[in-house]
Amino acid sequence: MSEIVMTNAKGKTEETVVPGRRRFLASSAVAGLAGASLSLGLAGCNKGSSDAAPAAGAASAASGADPQANIKWDKYEVHPGKLDTYYSFSSGGHSGDLRIHGLPSGREIRRVPVFNVDCMSGWGITNESRAIIGTKPNGQLNYNTGDTHHVHLSYTDGVYDGKHLFVNDKLNGRIARVKLDTMECDAITQLPNVQGFHGIFPDKRDPVDEKINYTTRVFCGSEFHIPHPNDGRDINDPSKYSCLFTCVDAVTMQPRYQVKIDGNMDLVATSYDGKLACSNQYNTENGVHYEEMMSAERDSCIFFNVARIEEAVKAGKFTHIGDSKVPVVDGTKASNTDPKTALVVYVPVPKNPHGVNASPDGKYYACSGKLSPTATLIEHDLVLKWFDGGLKDPRDTVVAEPEIGLGPLHTGFDGKGFIYTTLFLDSQIVKWDLEAAKKAYQGDKNAKVVVDRIDVHYQPGHGFTSMGETAQPDGQYFISDNKFSKDRYLPVGPLHPDSSQLIDISGEKMLLVADHPLYPEPHDSIVVRRDIIKTRQIYDLNEFPLATKSVKDNRVERNGKKVTVHLTSQAPAYGLREWTVKKGDEVTIILTNLDKVEDLTHGFGIPNYNISFVVHPQQTQSVTFIADKPGVFWCYCLNFCHALHLEMRSRMLVEA
Ligand code: RUQ
Ligand code: CUA
Ligand code: CA
């Protein structure tokens with residue numbers, strides 16, 4: 001306990017940077033950590049960056065020397081009118097959305113609503129978006145909250161193909177797909193019988209069919225174990241709770257199958273050959289309280305043998321849970337002891353790991369210790385060898401386990417043999433040498449594993465490299481997404497922004513080159529070369545069955561108490577100057593934007609009716625509501641479109 005106090009209160013004591021003294025944190029210290037780390041960790045943060053002593057073992061940055069003195073800032077500046085080099089896609093955390101930034105500038109370019117309701121775009125308001133989000137029989141949205149954590153693009157040949165993005169909702173157990181040409185969500189699916197859907201990763205090719213070298217599935221880990229089905233049974237018997245790993249079809253977005261496992265899952269990674277998916281697991285104990293969850297010295301990294309699981313499903317070796325039609329195969333330890341038939345293998349790794357990332361060459365997985373100061377490197381071919389019966393002990397798949405610092409979480413690769421891991425408790429990024437780590441594991445005492453450290457501000461969670469989750473890492477940048485920013489930005493009340501720090505990793509030493517504040521709270525991002533993303537600015541009217549294709553077709557149709565207004569927009573007017581409905585009518589307004597000019601988006605708002613949405617060029621969107629308030633309602637354009645934008649309005653007359 002006292003060790004933890006020292007570590008966190010001062011941040012950079014010797015214990016912090018020479019974790020070898022402690023090997024693994026003792027359980028008692030760890031117990032203290034859970035309660036103490038946040039408050040104590042942040043006490044360290046209050047010191048600010050300027051007086052944070054450089055880490056011992058950091059190659060240079062000797063105290064006093066200004067580490068920024070020799071930085072050539074031009075490289076990181078994006079001047080007015082110039083475009084960024086990268087897109088960065090970030091989850092929005094409990095904002096429920098997706099964010100798009102440009103890098104290196106850090107400029108926020110777009111927010112894409114996904115699980116949240118958004119009055120700018122009308123997401124969650126229009127009939128079209130509500131159909132994607134899902135509504136109950138009474139017309140209420142199933143959910144208007146969400147918690148996005150992980151974003152990944154679809155792949156072709158191990159590299160982003162720019163087609164789709166997949167993102168999870170940890171809160172309500174849903175997966176969403178976003179089309180990257182229009183940056184709009186086009187599918188949301190609820191995963192059956194899971195809670196705490198956290199890790200998500202698309203596959204990169206098919207394990208069976210060599211010709212399928214692109215994403216066809218998305219793998220989803222669930223973090224919270226629950227009774228199956230979770231309908232009120234077994235609530236007081238946690239021994240009956242479990243977790244399901246879900247495979248979702250990337251095209252239909254329907255779950256293909258699930259794997260029942262022991263313990264839990266957290267982050268997910270996939271191999272480059274399509275053969276394996278994996279997840280770190282911090283609750284092997286099946287604990288329901290945090291003390292139980294950290295009682296074991298080791299947890300696991302679970303590897304799923306994708307081809308075998310699919311064969312088992314084909315062979316009908318599955319069950320169903322409750323009224324879910326999704327096949328569930330058995331991945332529990334007891335049923336998977338024979339490597340030759342096992343669907344999964346549990347590789348023991350130190351205490352409560354967090355984060356697992358595949359190296360761009362497809363050879364390794366790095367799984368961070370979190371409550372152990374270590375990262376574990378597991379070799380892909382050795383896992384396959386275990387499944388072939390060629391290795392006795394799953395631990396024999398481990399090829400390195402260096403001590404790198406306190407609270408290691410997420411890892412990025414630069415493709416040049418170096419690994420970058422966030423250290424939550426140390427508030428640092430550590431750069432370590434993959435081959436040296438393997439040598440050290442073999443007993444080479446001279447192997448120099450840690451080659452650099454840099455302070456970040458503060459408490460980093462995710463860290464990732466530019467193109468680092470593809471077969472084409474470019475080794476240019478590492479982003480540290482920090483959970484706390486404290487003194488780095490002007491204070492804005494109780495909640496400070498999160499902080500995304502840009503680190504140049506192209507040289508020997510890491511250089512901190514920018515701080516970017518973020519609206520809470522992105523958990524994960526990916527940094528994508530800009531040439532990969534190809535967007536479109538104009539829709540095609542033919543995509544919309546409800547489109548009103550000509551100004552002449554503006555009209556009002558009545559069917560009993562149902563009124564449909566077919567309306568066009570074309571700057572600076574709507575196709576009807578007024579229309580009349582009766583109090584109590586169910587009104588549907590179908591609005592088609594006939595403008596074809598790029599960026600000429602119109603809005604549509606009805607005062608006091610809680611209606612607000614936009615239509616992009618050649619797009620059709622609709623809303624339905626009950627005209628329950630009589631009077632005159634000026635429907636007006638919400639999106640500044642024209643010199644006569646203010647005049648762009650029509651009257652909805654509601655008769656009493
Ligand atoms: S998790 S700070 Cu939601 Cu990605 Cu690791
Ligand atoms: Cu149309 Cu403003
Ligand atoms: Ca544990």
Side-chain angles (χ1 to χ4, degrees), residues 97 108-113 116-132 182-185 535-557 563-581 585-654:
D97 58 1
E108 183 179 279
I109 312 172
R110 183 80 193 271
R111 291 186 184 188
V112 179
N116 56 320
V117 171
D118 176 51
C119 59
M120 184 287 279
S121 58
W123 187 256
I125 298 166
T126 63
N127 295 329
E128 291 73 15
S129 61
R130 293 169 67 86
I132 292 168
T182 55
M183 305 289 180
E184 285 169 327
C185 175
T535 66
R536 55 198 280 238
Q537 274 62 43
I538 316 273
Y539 282 89
D540 179 349
L541 279 189
N542 298 316
E543 291 168 44
F544 304 98
L546 298 179
T548 304
K549 294 195 174 167
S550 151
V551 189
K552 286 181 294 197
D553 297 334
N554 279 278
R555 64 194 186 278
V556 179
E557 287 168 352
V563 177
T564 306
V565 181
H566 300 264
L567 189 67
T568 59
S569 62
Q570 204 163 22
Y574 295 113
L576 296 171
R577 302 195 161 203
E578 64 270 318
W579 59 90
T580 305
V581 299
D585 284 344
E586 181 194 286
V587 180
T588 296
I589 294 180
I590 304 170
L591 178 61
T592 299
N593 184 359
L594 292 180
D595 277 312
K596 283 186 186 158
V597 180
E598 179 169 339
D599 218 5
L600 221 172
T601 291
H602 295 291
F604 189 85
I606 312 177
N608 308 121
Y609 271 94
N610 205 26
I611 297 287
S612 159
F613 66 103
V614 296
V615 275
H616 303 303
Q618 302 282 293
Q619 187 189 27
T620 298
Q621 297 279 290
S622 64
V623 288
T624 299
F625 57 94
I626 304 292
D628 54 1
K629 291 170 278 281
V632 173
F633 298 90
W634 284 102
C635 303
Y636 71 99
C637 180
L638 300 157
N639 196 63
F640 211 109
C641 55
H642 188 275
L644 292 175
H645 158 74
L646 293 174
E647 288 82 352
M648 184 168 176
R649 44 187 162 123
S650 297
R651 287 177 304 151
M652 179 172 76
L653 309 172
V654 182

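Just so we're clear, the structure is a prediction, and the values are computed from it rather than from any experiment.
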If you round to the nearest 0.5 Å, how far is [atom2] of [Y] from [atom1] of [X]?
| X | Y | atom1 | atom2 | answer |
| --- | --- | --- | --- | --- |
| C635 | I606 | SG | CD1 | 4.5 Å |
| Q621 | L591 | CD | CG | 8.5 Å |
| R111 | S121 | CZ | OG | 12.5 Å |
| R577 | S650 | CZ | OG | 8.0 Å |
| H566 | K549 | NE2 | NZ | 13.5 Å |
| M652 | I589 | CE | CD1 | 6.0 Å |

Does any N or O in the side chain of [X] come within less than 3.5 Å of the main-chain N or O of [Y], such that one atom is a donor and the other an acceptor?
| X | Y | value |
| --- | --- | --- |
| T592 | A547 | no |
| Y574 | C637 | yes |
| H602 | N639 | no |
| R130 | G124 | yes |
| D585 | V587 | no |
| N593 | V614 | no |

Considering only heavy atoms from C-beta outward, does the side chain of [X] approach that of [Y] to under 4.5 Å?
| X | Y | value |
| --- | --- | --- |
| W634 | R651 | yes |
| E128 | Q619 | no |
| Q618 | L541 | yes |

Tell me the closest heavy-atom pair linking [X] and [Y], and the distance in Å.
| X | Y | result |
| --- | --- | --- |
| C119 | S612 | O-OG, 2.6 Å |
| A643 | E647 | O-OE1, 4.1 Å |
| P607 | F633 | O-CD2, 3.5 Å |
| A571 | D595 | N-OD2, 2.8 Å |

Do [X] and [Y] meet the criterion of a side-chain donor-acceptor pair at a distance under 3.5 Å?
| X | Y | value |
| --- | --- | --- |
| S622 | N127 | yes |
| E586 | T588 | no |
| D118 | N116 | no |

Apply the test side chain to side chain contact (heavy atoms under 4.5 Å, CB included) to residues T535 and Q537: give CA-CA distance (whole Å), side-chain angles for both, the deciding distance (0.1 Å), then the verdict.
-> CA-CA 7 Å; T535 66; Q537 274 62 43; 3.0 Å; yes
Can you check side chain to side chain contact (heavy atoms under 4.5 Å, CB included) on M648 and H642, steps first, answer last?
-> CA-CA 9 Å; M648 184 168 176; H642 188 275; over 6 Å; no
Residue from V623, T624, L567, L546 passing side-chain contact (heavy atoms from CB on, under 4.5 Å) with I590 = L546
So R536 and I538, side chain to side chain contact (heavy atoms under 4.5 Å, CB included) or not? Walk me through it.
-> CA-CA 6 Å; R536 55 198 280 238; I538 316 273; over 6 Å; no
More than 12 foreign heavy atoms under 6.0 Å from NZ of K629: is that the case here?
-> yes
Specify whether Y609 and F625 have parallel, tilted or perpendicular ring planes, treating 30° as the upper limit for parallel and 60° as the lower limit for perpendicular.
-> tilted
Going by the angle between their ring planes, with limits at 30° and 60°, are F613 and F604 parallel, tilted or perpendicular?
-> tilted
Take V615 and F544 through the side chain to side chain contact (heavy atoms under 4.5 Å, CB included) test and state the conclusion after the steps.
-> CA-CA 12 Å; V615 275; F544 304 98; over 6 Å; no
Let me know which of N554, T620, D553, T548 forms a side chain to side chain donor-acceptor pair (under 3.5 Å) with T568.
-> N554
